[in-house]
Amino acid sequence: MRLLPLRTICSSRTYAFTPEVQLTPTAKDRPPPANSNFYITLLNQCAAEKSLTQTRRVQLHMKQTGFPHLSLGNKLISAYLSSGSVDDARNVFDDMPQPHVVSWSSMISSYIRQERSQEAVALYKSMIIENLVPDEFTFSSIFRAFSDLRLFNGGRTAHGQSVVVGLQAGNVYVSSSLVDFYAQFGRLGEARIVYDSVKAKDVVLSTALIVGYTKNGEDRQAIEVFGEMLNSYIQANDFTFASVLIACGNLKDLTSGILIHGAILKSGFGSWIAPQTSLLSMYSKCGLIEDSLKVFNGILNPNTVAWTAIIGCLLHSHREEEALSMFRSMILNSVAPNAFTLSTTLSVCASLALFEQGMLIHAYALKSGLAANRFVISALVDTYGKCGHVGMARMVFDSLSAPDLVSLNSLINGYGQSGNGEEVVRLFDMTKRLGIEPNDATYVNVLFACSNSGMLEEGRRVFSLMFTDHSLGPSNDHYACMVGLLGRSGRLEEAEELLSKVQKPDKVLWRTLLGACKIHGKLEMAKWAARKVLELDPGDEGTYILLSNIYASLGKWKEVINIKCLVREMGFKKDPAVSWIYVNKKIHTFMAGDQSHPDGELIYKELEELIEKTKGLGYVPDTSFVLQQMEEFEMERSLFYHSEKLAVAFGVLSSRGKTCNTITIFKNLRVCGDCHNWIKLVSKVIGKEIIARDAKRFHKYRDGLCSCGDYW
DNA sequence: CTAGGGTTAG
């Protein structure tokens, strides 16, 4: 067999500096002498250039010239590992009678870098069996493998071994990763002991402990360690600043946050991406989204993490539209979204119930291979559910080989929102078989669904399971669901009795009772519940509104006016009702009596016609939903211009002549009773399905009926 | 060896 020309192995640029190889163009086809220095030089170059092909060629060359290549096995391994092929390295490794400890440890850390912790641990164990003494490099990487595999005992044993060989307390590398290991298991006591055992602490060790504390909700401790660190004159680095700011954000400790911002600028880390990203997150958690944006705008080349962070900040500040346009800018700036980005952006879509956008991201996830990520999946389930497409949510959910708690909760919520209480209960009864332990959120979702669908007996059964099956003490939220369920089923006395068992009822609970009183016109109990809410929060405007609604529905206009005056005096700004609809890739927003839409005239004309047609089908404006005392005619007018009616009119207008059979509108508050009746009739008039998502759930109107069965 | 961003429920 012809030998490979050496020129291809050794680039001309490098061999000029390695005269001992003596490669001359005339010598290129002659086999070289079996000189280990020659191969060492070559392998060093291969490692430096990280070239897998070159390394393979060198090994082949060794075999062809009969050179005992295993004598340079450690070199070969190192070259293969530098060029990224653990498997090639492993082949050499397995052939060697006695690989060097350095080879063992670099094999182990390479496996870990490639997320092959299983193989790393296996190698570590053989090392121990063969009575080899692992070095500091082995120890500093192996703990990561144990925490990846959730093998606490394995890691603890390795900790013991590191102590035995005298490598723990004296070595910051080993100790830092040990601190991280213990923190991954929530064992902060042990982490702290390891940390304290090190005499010569450094930045990395301290940072590891800070991170450990923040990941386990011990944010105060994290800030304390940061202080200790500064007192010992250890300079914080970009990692440290990035980590300690998380603690400030979690605690909403703006004072510390601003101090640290100053320290970052002073120590020259002001333009480093990790501290900047953490800073902007911190500001948003402290409610200062403008400052987040300022920091973000100061980042020269935001990477995926920074973009994701700012999208998340905008989402949490309820600036969803801006969050979406940030996502678009990210794409325009050719920064590739990852699973974090997609799940965050999907959350934005879920929040605005943007079905099409959600599907686009779903498509992107499938193309880019991110659709298997469980965060992406549960965000998709959530988004589809909140868009009223629970079938799609189910499809995504079923793609999970092992469903997890979050996606299950999202799916349950999806069915609950679209009023399919039976499926919710079926899923709930299946959780055990799926190997999932329900948590408090599961119960909130299930009970809420029962309440939404008026499933009294099922609700009671599920509620009692909280005590017997899971001994999850019900929280106020669970009680609120039950009070709502009992109250809406007309069992107000029972609801009241249940409420009396709650140790510390919160205002949500009392307001739920108040809501139930409203449905059944129970004025006395309503007044009592309202008083309770106001004792807890005198500024709760929702209560005033509910109360005035009750008076209004009973026709007691004097009381209504009194409350309205009171509210006005107190200077509340009621969240205005807003409805919106997605037409031609644009969000069109409407407020009551809104004249601002460019097609305003056409919309009002359409609305008038629809009202006339529905009146033909028996629509009678129900003025008890109007809060002011007005002339009957005016009451009607103000009803007619409710935001959801305008949105429906616009939807009808813009879907005319198009093939789509569904009009979907959204409202930030709950749909009003009069509009609810009216939209039912509209669906009959236009012969199309109308979906309305309000603050609590979906209403699917078809042929004069609504999926909620008028129960909401 | 250490780092920044993520899903449900309220």
Side-chain angles (χ1 to χ4, degrees), chain A residues 109 112 136-137 139-144 171-181 183 195 198 202-212 214-215 236-246 249 269 272-282 284 295-296 299 302-313 315-316 330 337-348 350 370 373-383 385-386 393 404-414 416 438-448 475-478 480-481 506 508-509:
Chain A
S109 49
I112 295 170
E136 57 187 294
F137 298 102
F139 281 121
S140 50
S141 54
I142 196 64
F143 298 118
R144 170 56 55 92
N171 188 298
V172 274
Y173 289 75
V174 175
S175 301
S176 306
S177 46
L178 250 180
V179 166
D180 178 63
F181 168 80
Y195 169 86
V198 181
D202 72 347
V203 218
V204 178
L205 180 68
S206 309
T207 306
L209 190 62
I210 292 174
V211 173
T214 56
K215 291 246 159 90
N237 65 15
D238 51 333
F239 285 56
T240 325
F241 284 126
S243 316
V244 73
L245 281 169
I246 297 176
F269 289 107
W272 290 51
I273 189 104
Q276 282 178 309
T277 309
S278 206
L279 260 177
L280 71 89
S281 256
M282 182 275 295
S284 136
V295 175
F296 180 77
I299 299 179
N303 58 12
T304 305
V305 179
W307 280 107
T308 308
I310 196 69
I311 294 171
C313 293
L315 167 66
H316 293 129
M330 177 180 174
N338 62 12
F340 284 70
T341 324
L342 296 192
S343 52
T344 309
T345 312
L346 280 168
S347 252
V348 181
L370 296 169
N373 178 283
R374 72 191 163 86
F375 285 99
V376 172
I377 291 182
S378 45
L380 275 170
V381 173
D382 176 46
T383 308
K386 285 193 176 148
D404 64 2
L405 180 65
V406 175
S407 50
L408 180 78
N409 283 352
S410 302
L411 184 65
I412 287 183
N413 188 39
N439 67 355
D440 52 338
T442 319
Y443 277 101
V444 169
N445 285 337
V446 175
L447 293 173
F448 187 70
S475 69
N476 278 335
D477 296 331
H478 302 109
C481 292
D506 59 5
V508 176
L509 203 36

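Side chains are part of it too, since the values below use all heavy atoms of this structure and drop only hydrogens, waters and symmetry mates. To find a chain, count down the sequence lines: A is the first, B the second, and so on, and within it residues start at 1.
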With A:T277 via side-chain contact (heavy atoms from CB on, under 4.5 Å) - residues at least two apart:
A:I273, A:V305, A:A306, A:A309
Return the nearest nucleotide to the side chain of A:V444; candidates are B:dA9, B:dC1, B:dT7.
B:dA9
So, A:F375 and B:dT7: ring centres less than 5.5 Å apart, planes less than 30° off, yes or no?
no
Ranking B:dG6, B:dG10, B:dG5 by distance to the side chain of A:V305, first place goes to B:dG5
For B:dT2, does OP1 or OP2 lie under 4.0 Å from any side-chain N or O of A:R144?
yes
Atom NE2 of A:H478 to atom C1' of B:dT8: distance rounded to whole Å?
13 Å
Distance criterion of 3.5 Å, no angle test: do you see the side chain of A:N373 paired donor-to-acceptor with the base of B:dG6?
yes
Any side-chain N or O of A:K386 below 4.0 angstrom from OP1/OP2 of B:dT7?
no
How many Å lie between CG on A:L280 and P on B:dA3, as a whole number?
19 Å
Respond yes when some side-chain nitrogen or oxygen of A:N445 is under 4.0 Å from OP1 or OP2 of B:dA9, and no when none is.
no
Distance, rounded to the nearest Å, where A:L205 contributes CG and B:dT2 contributes C1':
9 Å
Report the residues that fulfil side-chain contact (heavy atoms from CB on, under 4.5 Å) with A:N171, sequence neighbours left out, ordered by chain and then residue number.
A:E136, A:L167, A:Y173, A:V174
Expressed in angstrom and rounded to an integer, what is the separation of A:L245 atom CG from B:dT2 atom C1'?
15 Å
Heavy-atom donor-acceptor pair, A:N445 side chain to A:N409 backbone, under 3.5 Å:
yes
Give a yes or no on whether a donor-acceptor pair under 3.5 Å exists between the nucleobase atoms of B:dC1, that is its base, and the side chain of A:S176.
yes
Whole angstrom value for the distance that separates P of B:dT2 from CZ of A:F181:
13 Å
Check whether A:T383 reaches the backbone of A:L346 with its side chain - one donor and one acceptor, N or O, closer than 3.5 Å.
yes
What I want to check is whether an N or O donor and acceptor connect the side chain of A:N338 with the base of B:dG5 at under 3.5 Å.
yes
Would A:M330 and A:T304 count as a side chain to side chain contact (heavy atoms under 4.5 Å, CB included) if you check the C-alpha gap in whole Å, the side-chain angles of each, and the deciding distance to 0.1 Å?
CA-CA 8 Å; A:M330 177 180 174; A:T304 305; 3.9 Å; yes
What about A:S343: does its side chain form a donor-acceptor pair under 3.5 Å with the base of B:dT7?
no
Output yes when at least one side-chain N/O atom of A:S347 is less than 4.0 Å from OP1 or OP2 of B:dT8, else no.
yes
